[in-house]
Amino acid sequence: MDLPVAVGPARTRVRRRPWESRYLLAMLAGDLTVGLLAGAIGFSARFGPDVTAYNRVYLLVVALLPVGWVAALAANHAYEKRRLFVGTAEYERVLRAGVTLAAVVTVGSYLAEVRLSRGYVLIVLPLAVVATVLVRFALRQRLHRRRAAGRHLRRVVVLGHRRAVAQVCRQLHRERHHGLSVVGACVPRRRPRPTLGPAPDLGVPVLGTFADAGAAVAAVEADTVIVLSCPELDGVALRRLAWRLERVDVDLIVASALIDVAGRTTIRPVDGLPMLHVDHARLRGSARAAKALVDRCGAALLLLVLAPLLAAVAVAIKRDSPGPVLYRQSRVGRDGAVFSIWKFRSMYVDADARLAELARLDEGAGVLFKIRDDPRVTRVGRYLRRFSLDELPQLVNVLVGQMSLVGPRPPLPAEVARYPADMLRRLVVKPGLTGLWQVSGRSDLPWEEAIRLDLRYVETWSLSLDLVILLRTVTAVVRTSGAY
């Protein structure tokens with residue numbers, strides 16, 4: 001395929017997005033505020049409310065900390081747009097900024113022979129990192145709500161074969177928080193007739209062939225082009241398309257065919273030829289040990305903090321219906337090991353006996369059994385399920401090492417017996433109290449999407465991804481979507 005392109009001096013038309021500038025300004029203001037408050041809180045916690053000759057110099061540290069914190073974030077590329085809005089890269093950069101600032105302070109104080117209170121540093125830097133992550137998470141959630149309402153979206157033209165285009169259109173429409181709204185497609189059929197309305201199989205208008213990409217972008221005023229994997233778009237054609245889009249400041253995104261392993265790929269040139277290397281999933285080693293430590297410490301802390309809530313839920317269950325407070329069930333864990341999970345009882349005691357008579361009402365997909373208005377659920381149980389409170393006793397399973405705070409959903413043995421071969425891959429890690437499935441729609445998701453999310457987590461997990469999922473769990477519980 002030949003894409004015409006001018007190679008003379010580019011007359012770039014800058015496409016401004018005012019909301020992005022406002023977002024960055026709000027982020028900068030939040031980071032400065034966090035730096036100032038962290039310094040002030042650290043001063044009060046370490047030295048108390050009184051200013052003395054000894055601690056007076058720390059007032060200067062409090063004043064300079066916001067600038068130093070923003071500089072550390074900027075040095076670690078925490079303000080680059082390609083790392084913002086979605087994904088975990090932004091939070092990873094914040095963590096790196098904390099480590100960088102700690103290293104600079106430590107080495108600088110040593111070289112300058114300045115005695116700096118270690119207690120002050122140990123209070124301020126972790127507080128700044130955690131608060132910055134929370135502030136940025138709040139900003140991102142506000143952006144995602146606006147995108148769900150149809151605002152701050154990029155207009156996208158997709159290039160690829162019809163089947164791949166249809167799949168991308170469905171996924172981007174379902175996950176609006178990415179901010180990509182498909183407004184048209186170009187397909188490799190010889191001179192397809194442009195459609196005025198959405199094509200039945202795609203859901204968006206067909207704007208022509210690949211050769212018509214430039215005109216299609218101008219016709220629908222798109223600011224982004226997504227190229228899917230197809231043999232017609234080779235390296236030469238893609239390069240020419242990039243040159244053409246560069247002249248009008250339209251972003252070009254190449255969607256990899258390496259589904260759910262893209263997070264583990266690195267480009268290593270070999271004699272001028274770029275090779276895409278796929279790294280193995282991190283299933284062992286120090287990262288796993290760190291995850292286990294975080295799981296057990298986190299579970300212990302949550303059990304301590306939530307003890308009053310757990311007691312209140314137990315009393316409510318006991319008063320609502322006869323039977324035990326806790327429900328014990330066999331589930332399959334890592335490497336196929338069967339263990340017992342604990343849940344607050346949300347159904348009547350004869351629920352398992354009534355399962356056969358309700359089989360015809362199954363609304364689940366794949367191997368899951370789900371009924372939106374299950375008559376076996378108690379009055380209190382409906383509230384427990386809506387806000388996922390029935391899952392809290394599984395913190396005990398996390399504490400003893402059978403589960404993780406974040407991971408795939410723990411399956412029933414009967415479900416595992418019906419798994420396709422690829423789905424057994426999810427059993428190489430511990431199941432989780434929460435996970436990508438839970439924060440992406442839970443029971444509202446089709447079975448195939450639940451499989452994809454679980455496998456994606458296994459292949460690309462990291463501690464920063466776990467942190468993001470834990471934060472998103474809070475908003476998912478408040479929304480109560482897919483919980484029944």
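A donor-acceptor pair is defined here as one N or O able to donate and one able to accept, closer than 3.5 Å; such a pair exists between the side chain of Arg472 and the backbone of Val439. Put simply, the side chain of Lys343 never gets that close to the backbone of Leu392: no donor and acceptor are under 3.5 Å apart. At distances below 3.5 Å, not a single donor-acceptor pair connects side-chain atoms of Asp454 with backbone N or O atoms of Arg426. No donor-acceptor distance shorter than 3.5 angstrom exists from the side chain of Asp223 to the backbone of Val156, with no hydrogens or angles considered. Within the 3.5 Å criterion, the main-chain N or O of Ala40 finds no donor-acceptor partner in the side chain of Ser44.
Put simply, the side chain of Leu412 reaches to within 4.5 Å of the side chain of Arg331, judged on heavy atoms. Using a 4.5 Å cut-off on side-chain heavy atoms (C-beta onward), Leu326 and Pro393 make contact. The shortest side-chain heavy-atom distance between Val428 and Val458 falls under the 4.5 Å cut-off. Between Phe85 and Leu139 the shortest side-chain heavy-atom distance does not fall below 4.5 Å. For the pair Thr224 and Leu252, the minimum side-chain heavy-atom distance is 4.5 Å or more. At least one side-chain heavy atom of Leu395 sits less than 4.5 Å from a side-chain heavy atom of Leu405. Side-chain contact between Val34 and Val135 is present, with at least one heavy-atom pair separated by less than 4.5 Å. Put simply, the side chain of Leu84 does not reach to within 4.5 Å of the side chain of Tyr79, judged on heavy atoms.
The structure places OG of Ser462 at 5.0 Å from CD of Glu92, a figure rounded to the nearest 0.5 Å. Atom-to-atom distance recorded for Ser346:OG and Glu391:CD is 8.5 Å, nearest 0.5 angstrom. Atom CE of Met403 is separated from atom CG of Asn397 by 6.0 Å, given to the nearest 0.5 angstrom. Separation of atoms CD (Gln329) and OG (Ser340) is listed at 9.5 Å; rounding is to 0.5 Å. Atom-to-atom distance recorded for Cys297:SG and Asp295:CG is 9.5 Å, nearest 0.5 angstrom. Atom-to-atom distance recorded for Asp31:CG and Leu36:CG is 12.5 Å, nearest 0.5 angstrom.
Between Tyr120 and Tyr58, a ring centre-to-centre spacing shorter than 6.0 Å is recorded.
The residues Arg409 and Glu415 are annotated as salt-bridged, a charged nitrogen and a carboxylate oxygen being separated by less than 4.0 angstrom. Ion pair Arg155/Glu221 not flagged as a salt bridge, since none of the NZ, NE, NH1 or NH2 atoms sits closer than 4.0 Å to an Asp/Glu carboxylate oxygen. A salt bridge is absent between Arg345 and Asp390: the closest approach of a Lys/Arg side-chain nitrogen to an acidic carboxylate oxygen does not fall below 4.0 angstrom.
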Might you work through the salt bridge (charged side-chain N to carboxylate O under 4.0 Å, His left out) test for Glu80 and Arg93, ending with a clear yes or no? CA-CA 10 Å; Glu80 291 184 359; Arg93 297 293 165 173; over 6 Å; no
Does the side chain to side chain contact (heavy atoms under 4.5 Å, CB included) test come out yes or no for Leu241 and Leu159, once each step is laid out? CA-CA 11 Å; Leu241 176 62; Leu159 278 62; 3.9 Å; yes
Could you tabulate the donor-acceptor pairs under 3.5 Å formed by side-chain atoms of residues 298-306, not counting sequence neighbours?
none

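The shortest heavy-atom contact between Ala45 and Ile123 is CB-CD1, 3.9 Å.
For Tyr383, the ring pair (Phe, Tyr, Trp, His ring centres under 6.0 Å) criterion is met by no residue, not counting sequence neighbours.
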